[in-house]
Amino acid sequence: MPELPEVEVVRSGLERHVVGRVIADVEVFHARAVRRHLAGAEHFAALLTGREIRAACRRGKYLWFPLDSGDVLLAHLGMSGQLLVLPPSAPGGPHLRARMRFADEGSELRFVDQRTFGGLDVEPLVPALNVPESVRHIARDPFDPAFDDAAFATALRRRRTGLKRALLDQTLVSGIGNIYADEALWRARLHWARPTATMTRPQIARVLAAAREVMTGALAQGGTSFDALYVDVDGESGYFDRSLEVYGRRDL
DNA sequence: CGTTCTACCTGCATGC
DNA sequence: TGCATGCAGGTAGAAC
């Protein structure tokens, strides 16, 4: 499942492959893929057609691509979404949800999503915050230079919930999903149900460091993949699953 | 307000 | 074999 490292691999791949290109044509094959775009698929396509992609940005598991119109193309991969850059001649599988061709007639961008929890939309940036409307409520991730460790510790201790639940709460810290939460807890030797209010500052620092470590390791290896649901923009799976210590193991 | 629960969806694994 | 059921996961929005 795409968590921060996987999404970052996709972001950097798209930064290399689609930034600076002009969208010539957009096709939406499944309405659910643009359900966040309330004005509908045709409007979605109209806002993209003729626009140049200016950058590739990410916060947590959200991706967005600022356009020369001032809007952004927003993408969330959900559980099984992929953004693939492929030759126009490449065959499309049963889960192809949307496709964008470019004016240069080179490779095209495809959104493929088996379980349809992912989605795309076009929306404005919130001027003061410089993030899209849909990302307003998402906390900074642990690799964001502006992530505030001390403020995170304070906020975590104020919560009345279990540690793993808090790590998964994207409004507290973003980018961590089920897999990296389990790995971080294991490496920090902290129990998933530990009440956050009783966490000491050193323990919080430990679990945060563990999360950064495991995600840094995953990033270095191109992301985690278990079943080919996650692949980067060239269609290559990551190999980080060989390094996971606890996720998916019931015998611990 | 903070926290927890549920729907959303598909493919695979399991049970009968 | 075939069918039914259960599970997995991230998020938004409902419910508490």
Side-chain angles (χ1 to χ4, degrees), chain A residues 1-11 28-39 41 58-64 74-83 92-98 111-121 123 126 131-142 151-185 192-199 211 214-215 218 223-231 237-238 240-241 244 246-250 252:
Chain A
M1 319 316 149
E3 300 180 31
L4 188 154
E6 294 75 34
V7 178
E8 174 56 23
V9 169
V10 172
R11 189 207 63 78
V28 175
F29 303 112
H30 196 305
R32 206 176 134 72
V34 292
R35 68 190 181 285
R36 291 160 171 270
H37 195 95
L38 300 179
R58 181 188 59 74
R59 175 177 288 185
K61 305 171 196 171
Y62 277 86
L63 289 168
W64 69 92
L74 185 100
H76 196 290
L77 302 179
M79 294 180 30
S80 55
Q82 300 167 223
L83 285 167
H95 305 122
L96 178 62
R97 307 306 186 196
F111 180 62
V112 177
D113 190 13
Q114 178 199 102
R115 294 183 210 177
T116 74
F117 279 27
L120 309 173
D121 75 85
E123 59 181 84
V126 181
V131 297
E133 197 66 47
S134 298
V135 183
R136 272 187 109 119
H137 66 294
I138 300 296
R140 293 182 186 276
D141 64 62
F152 170 73
T154 302
L156 185 77
R157 282 157 53 89
R158 259 203 281 270
R159 290 299 176 103
R160 292 291 179 272
T161 189
L163 180 54
K164 179 172 175 181
R165 210 183 275 268
L167 291 176
L168 295 176
D169 184 344
Q170 306 296 301
T171 67
L172 196 57
V173 53
S174 67
I176 302 173
N178 196 38
I179 298 169
Y180 295 115
D182 282 355
E183 291 299 318
L185 289 167
W192 62 273
R194 173 68 179 273
T196 50
T198 70
M199 292 278 292
V214 67
M215 289 196 289
T224 299
S225 175
F226 302 102
D227 51 13
L229 278 180
Y230 163 74
V231 290
S237 292
F240 191 65
D241 51 320
L244 295 181
V246 291
Y247 180 82
R249 289 177 60 181
R250 266 183 262 186
L252 291 171

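Computation of the quantities below employed the complete heavy-atom set of this structure, encompassing side-chain atoms and omitting hydrogens, waters and symmetry-equivalent molecules. Being a predicted model, the structure only gives us computed values, none of them experimental. Letters A, B, ... are given to chains in the order of the sequence lines, protein chains preceding strands, and every chain is numbered from 1.
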Closest listed nucleotide, where the reference is the side chain of A:Thr116 and the choices are B:dC9, B:dC5, C:dG10: B:dC9

Side chain of A:Phe117 (C-beta onward), nearest among B:dC8, B:dT3, B:dT10: B:dC8

Check ion pair A:Asp141-A:Lys61 (N to O, under 4.0 angstrom): no

Pairwise distance CZ(A:Arg159) to OG1(A:Thr154) - rounded to 0.5 angstrom: 12.5 Å

Pairwise distance CZ(A:Phe111) to NE2(A:His30) - rounded to 0.5 angstrom: 10.5 Å

Rounded distance (Å) that lies between atom P of C:dT11 and atom CG of A:Asp169: 10 Å

Short side-chain N/O contact to B:dT10 OP1/OP2 from A:His95, under 4.0 Å: no

Euclidean distance, atom NE2 of residue A:His76 to atom C1' of C:dT11 [Å, nearest integer]: 7 Å

Any A:Arg115 side-chain N or O less than 4.0 Å from OP1/OP2 of B:dC8: no

Short side-chain N/O contact from A:Thr161 to OP1 or OP2 of B:dG2, under 4.0 Å: no

Sugar-phosphate only, base, or nothing, as touched by A:His137 at under 4.0 Å among non-hydrogen atoms: sugar-phosphate

Atom-pair distance (CZ on A:Arg159; C1' on B:dC1), nearest Å: 11 Å

Gap between atoms CZ and C1', on A:Arg36 and B:dC9 respectively (whole Å): 15 Å

Rounded distance (Å) that lies between atom P of C:dA12 and atom CG of A:Leu168: 14 Å

Any A:Tyr180 side-chain nitrogen or oxygen under 4.0 Å from OP1 or OP2 of C:dG10: no

side-chain N/O A:Arg32 vs B:dC9 OP1/OP2, d < 4.0 Å: yes

Phosphate OP1/OP2 of C:dG10 contacted by A:Gln170 side-chain N/O (<4.0 Å): no

